[in-house]
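This report concerns only the one structure given below.
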There are 2 protein chains.
Amino acid sequence: MKIEDEIKQSAFKNEYQKAYINLLFTSGYLQQAQAALFKPFSVTLPQYNILRILRGQHPKPATISLLIDRMLDKTSNASRIVDKLEAKELVTRKQCPADRRTVDVLITDKGLELLKQMDGMEGGKGIGITNLTEDEATQLNTLLDKIRD
Amino acid sequence: MKIEDEIKQSAFKNEYQKAYINLLFTSGYLQQAQAALFKPFSVTLPQYNILRILRGQHPKPATISLLIDRMLDKTSNASRIVDKLEAKELVTRKQCPADRRTVDVLITDKGLELLKQMDGMEGGKGIGITNLTEDEATQLNTLLDKIRD
DNA sequence: GTACATTAAATGTATGTACATATATTTGCA
DNA sequence: TGCAAATATATGTACATACATTTAATGTAC
């Protein structure tokens with residue numbers, strides 16, 4: 001659907017303003033769609049992202065710093081997201097003996113099992129991005145990279 | 001910058017997954033940039049969006065329902081955002097006599113004055129979207145609309 | 001005209017974001 | 001060695017999101 005109709009704003013100042021709003025809106029749209037897919041698993045998007053990073057490290061532990069470094073949103077609060085995951089027994093956290101400032105975060109078997117169940121719904125598959133052809137996806141990547149230059 | 005370098009993930013499964021992550025990441029990037037621009041004015045992005053809608057209506061009032069309808073993110077909580085704006089005296093809120101369930105929300109002179117000061121920084125001008133040519137912005141709009149089909 | 005459904009808005013709760021600050025530990029340098 | 005700076009994480013606060021529930025007013029069917 002055209003962005004004009006989605007937000008009921010008939011006119012934009014120019015293509016740039018329109019593209020800007022469109023980008024924010026589409027991102028929100030995809031995030032909501034994904035959150036809906038995740039709901040049955042009782043895991044939020046940021047929690048899922050942390051779990052994925054931990055699986056990537058497994059069986060090595062990750063520190064909170066490493067998680068922050070790899071997260072999409074650098075400014076979010078990894079400590080508290082790990083709190084939630086720990087409460088669900090999807091990760092463990094223990095002080096690292098080598099450097100007692102840092103904490104070793106490890107995904108549990110239960111966490112790995114959950115991710116296994118969720119595999120196949122990642123990457124927005126079937127949500128909307130696959131409405132594009134592969135060429136168009138490549139085009140989109142080029143445009144987005146240019147925006148962040 | 002290429003998305004691979006931004007999030008230190010070397011390989012994506014395919015162009016779709018990459019485009020998906022890229023879209024979410026770029027949206028976050030733009031929102032953070034805009035939040036930084038807004039900070040001196042002590043207004044958050046959703047608060048600003050509500051003010052813009054109210055200016056569009058001025059001098060007619062808007063109901064909360066109308067605000068929800070026009071907001072980019074439909075599921076957010078317009079009532080509480082209006083609370084914050086009311087506390088800053090940027091809007092007024094009073095029960096509508098015709099239908100006492102509804103509330104007339106009006107932008108104040110102070111609110112209009114604030115928007116006037118902020119005009120010119122909207123639409124991501126100078127933030128990144130203008131790294132594109134006008135043709136590229138049009139292309140981007142087409143791709144994004146297709147994602148939400 | 002009373003009862004029930006619908007609508008508009010507000011409120012409650014859990015989660016996350018953004019940013020400042022606190023606390024503990026380690027590092028580095030005089 | 002001793003002490004300040006840097007680092008790793010946690011915590012506090014304000015704001016927003018997501019979703020369920022509540023409250024009040026209106027509409028509708030009988």
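On a predicted model such as this, the values are computed, not experimentally measured, just so you know. To find a chain, count down the sequence lines: A is the first, B the second, and so on, and within it residues start at 1.
- Put simply, CZ on B/F25 is 14 Å from P on C/dT17, counting in whole angstrom units.
- Residue A/N77 places its side chain closer to D/dG12 than to any other of C/dG16, D/dG12, D/dA25.
- In terms of heavy atoms, B/A62 sits closest to B/L67 at CB-CD2, 4.2 Å.
- Of the candidates D/dT13, D/dA8, C/dA8, D/dA8 carries the atom nearest the A/T102 side chain, counting heavy atoms from C-beta on.
- The side chain of A/R101 places no N or O atom within less than 4.0 Å of a non-bridging phosphate oxygen (OP1 or OP2) of D/dA10.
- Distance from the side chain of A/V103 is smallest to D/dT9 among C/dC19, D/dT9, D/dT17.
- Between B/V105 and B/L66, every side-chain heavy-atom pair lies at or beyond the 4.5 Å cut-off.
- A/K84 places its NZ atom 12 Å from the C1' atom of C/dT17, with the value rounded to the nearest Å.
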Open item on the list: Before you tell me yes or no, could you show the steps for B/T138 and B/E134 under side-chain hydrogen bond (donor to acceptor under 3.5 Å, both in side chains), namely the whole-Å CA-CA distance, both residues' side-chain angles and the distance that decides it to 0.1 Å?
Closed with: CA-CA 6 Å; B/T138 304; B/E134 198 161 336; 5.9 Å; no

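- Here C/dG16 is the nucleotide among C/dG16, C/dA10, C/dG12 with the atom lying nearest to any side-chain atom of A/T44.
- If you check D/dT11, C/dT25, C/dG16 against the side chain of A/D99, the one that comes closest is C/dT25.
- Under the 3.5 Å distance criterion, with hydrogens and angles disregarded, a donor-acceptor pair is assigned to the side chains of A/N22 and B/N141.
- Between A/K39 atom NZ and C/dT15 atom C1' the separation is 13 Å, expressed in whole Å.
- Among the nucleotides D/dA10, D/dA16, C/dT15, the one closest to any side-chain atom of A/I64 is D/dA10.
- Taking the nucleotide of DNA chain C with the nearest heavy atom to each of A/I81 and A/Q95, the more 5' of the two is matched to A/I81.
- If A/R93 and A/G28 are placed on DNA chain D by their nearest nucleotide, the residue sitting closer to the 5' end is A/R93.
- Put simply, the side chain of A/D83 and the base of D/dT9 share no donor and acceptor less than 3.5 Å apart.
- Protein atom CG of B/N49 is 17 Å distant from nucleotide atom P of D/dC15, rounded to whole Å.
- Using a 4.0 Å cut-off, no side-chain N or O of A/K94 falls inside it from OP1 or OP2 of D/dT9.
- Remark: B/R80 is not in phosphate contact with C/dA9, judged by side-chain N or O atoms under 4.0 Å from OP1 or OP2.
- For A/L85 and D/dT9, the CG to P distance is 16 Å, given to the nearest whole Å.
- Between A/S65 and the phosphate of D/dT9, there is a side-chain N or O to OP1/OP2 separation shorter than 4.0 Å.
- Taking atom CG of B/L67 as the reference point, atom P of C/dT7 lies 19 Å away to the nearest angstrom.
- Mapped onto DNA chain D by nearest heavy atom, A/A36 and A/I68 fall at different nucleotides, with A/I68 at the one closer to the 5' end.
- Going from atom CG of B/L66 over to atom P of C/dA8 covers 11 Å, rounded to whole Å.
- Proximity note for A/Q47 (side chain, C-beta onward) versus D/dT11, C/dT26, C/dT15: the nearest is C/dT15.
- No more than 12 heavy atoms of other residues, nucleotides or ligands shown are found within 6.0 angstrom of CG on A/D109.
- Nearer the 5' end of DNA chain C, as judged by each residue's closest nucleotide, is the contact made by B/A62, out of B/A62 and A/K88.
- The distance from atom CD1 of A/I50 to atom C1' of D/dT9 is 13 Å, rounded to the nearest whole Å.
- Dashed line: the shortest gap from a side-chain N or O of B/Q32 to OP1 or OP2 of C/dT17 is not under 4.0 Å.
- Note on A/K60 versus A/D104: no salt bridge recorded, every NZ/NE/NH1/NH2 to OD/OE distance being 4.0 Å or above.
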